[in-house]
Amino acid sequence: MLLAVEVSFTEANESFTLCLRLSSVFKRIGTLLPKDSDGWGHASSLTTTMSLTAKDKKMVKAFWAKVAGKAEDIGCDALSRTLVVYPQTKTYFSHWKDLSPGSAPVRKHGGTIMGGISLAVASIDDISAGLLALSELHAFKLRVDPANFKILSHNILVVLAILFPNDFNPEAHVAMDKFLAAVGRALSEKYR
Amino acid sequence: MVQWTDFERATIQSVFEKMDYDDVGPAALSRCLVVYPWTQRYFGNFGNLYNAAAIQGNPMVAAHGKTVLHGLDRAVKNMDDIKATYAELSVLHSEKLRVDPDNFRLLADCLTIVVAARMGAAFTADVQRAFQKFLAVVVSSLGKQYH
């Protein structure tokens, strides 16, 4: 069910009228929200999850098919950038001898991460189910702060832009951004 | 005051010197409107923003993208006092335009992606770090006068 709301914010005094018009829309949205145990629908789960549409899934699968051949390079570069541009992420790898961009442990681990992403693409219709084992690994063993999933996702997108400047157009970008956010959510599902 | 290393200063000057503002500006803004569609709320009078093709072909979006990039130039030329450079623009975005400052971060991310695509392998991890640091300072300065 689609709800289209057209708004304009040109005058401050229109906002009151807008609130009145929107309240009937919100009541309708309230009936559609997933219900919690207290019987209330929570807007946050509607506004922040921004779930994958059929169009998104099609785009992700098509784009991934184009880029999968370079998965290890992508993973290596994305992880290298994460460690350089966001130095606090190095705290998770104090057990590695060499944290420099493109080093052997970085390349190997970048490949491992991309394997997980590939699995998520294959499980795109139920990412939570597909990544269950990885979710438990991240929750109980690795305990990577979920903020870092956003950081790594950003760097994956940067690498995709560098390697595929024409294919990584705005439509591919929004689908991949939503997909990687969904992967991050699936990985943090068991955290608490 | 923000401390810049010689590498960071040189990198920022070099990246912006080589940049085609009239290409990158429109590309970054249109990407932002597609990837984060809620940002379209500020452009109600821009006409057709109905889909990605419409946004990317929209002449008002292109014109505004150029305006934004040329505005960024002020920070490039005044790296030692970006906060003061953008004080007036911060007031404008807060009081008149009423833009949620989180949008500056979203546009900055899209700009990073577009610059990465244009520069290719030359956009190394070290260049990325300098570029993102610069944009973080810009974003922070634009949000400074909100109250």
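Chain naming here is simple, since letters A, B, ... match the order of the sequence lines and numbering starts at 1 in each.
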Q) So does A:R143 have more than 12 non-hydrogen atoms from other groups sitting under 6.0 Å from CZ? A) no
**Message:** How about NE2 on A:H95, more than 12 heavy atoms from neighbouring residues, nucleotides or ligands closer than 6.0 Å, or not?
**Reply:** yes
All heavy atoms of A:P170 vs all of B:V35, minimum pair found to be O-CG2, 3.9 Å
In terms of heavy-atom contacts, B:A116 and A:V158 come closest through CB-CG1, 3.9 Å
Bottom line for A:F164: the part with an atom under 4.5 Å from chain B's heavy atoms is neither
To the nearest 0.5 Å, atom OG1 of B:T112 lies from atom CG of A:L157 at 11.0 Å
With a 4.5 Å heavy-atom cut-off, do A:H173 and B:V34 have their side chains touching? no
- Message: For the CG atom on B:D6, are there more than 12 heavy atoms of other groups (residues, nucleotides or ligands in this structure) within a distance under 6.0 Å?
- Response: no
- Is A:W96 linked to A:V85 within one hydrophobic cluster, defined over Ile, Leu, Val, Met, Phe, Trp and Tyr using a side-chain heavy-atom separation of less than 4.5 Å? no
Among residues 126-134 of chain B, those lying within the under-4.5 Å heavy-atom range of chain A are B:D126, B:Q128, B:R129, B:Q132
Report yes or no: do A:V84 and A:V106 belong to one cluster of Ile/Leu/Val/Met/Phe/Trp/Tyr joined by side chain heavy-atom distances under 4.5 Å?
no
So, the part of B:Y36 with a heavy atom under 4.5 Å from chain A: the answer is side chain
Comparing B:R31, B:R118, B:M119 against chain A, the one with the most heavy-atom pairs below 4.5 Å turns out to be B:R31
Looking only at heavy atoms, the pair that brings B:W38 and A:M50 closest together is CZ3-SD, 3.8 Å
Next item on the list: Give a yes or no on this: more than 12 heavy atoms of other residues, nucleotides or ligands lie within 6.0 Å of atom OH of B:Y50.
Entry: no
Honestly, the part of B:T124 sitting under 4.5 Å from a heavy atom of chain A is backbone
Residues of residues 56-78 of chain B with a heavy atom under 4.5 Å from any heavy atom of chain A, in residue-number order, are B:Q56
Going only through I, L, V, M, F, W and Y residues with side-chain contacts under 4.5 Å, is there a path from A:L137 to A:F140? no
inquiry  = Less than 4.5 Å apart, side chain to side chain, heavy atoms only: is that true for B:I113 and A:F168?
reply    = yes
Should A:V159 and A:V121 be regarded as members of a common hydrophobic cluster, given that ILVMFWY residues are connected when their side-chain heavy atoms come within less than 4.5 Å of each other, either directly or indirectly?
yes
Next on the checklist: Using the rule that Ile, Leu, Val, Met, Phe, Trp and Tyr join whenever any side-chain heavy atoms are under 4.5 Å apart, tell me whether B:V91 and B:Y146 fall into a single cluster.
Outcome noted: no
message = Would you say that more than 12 heavy atoms from the other residues, nucleotides or ligands in this model lie under 6.0 Å from the NZ of B:K83, or not?
response = no
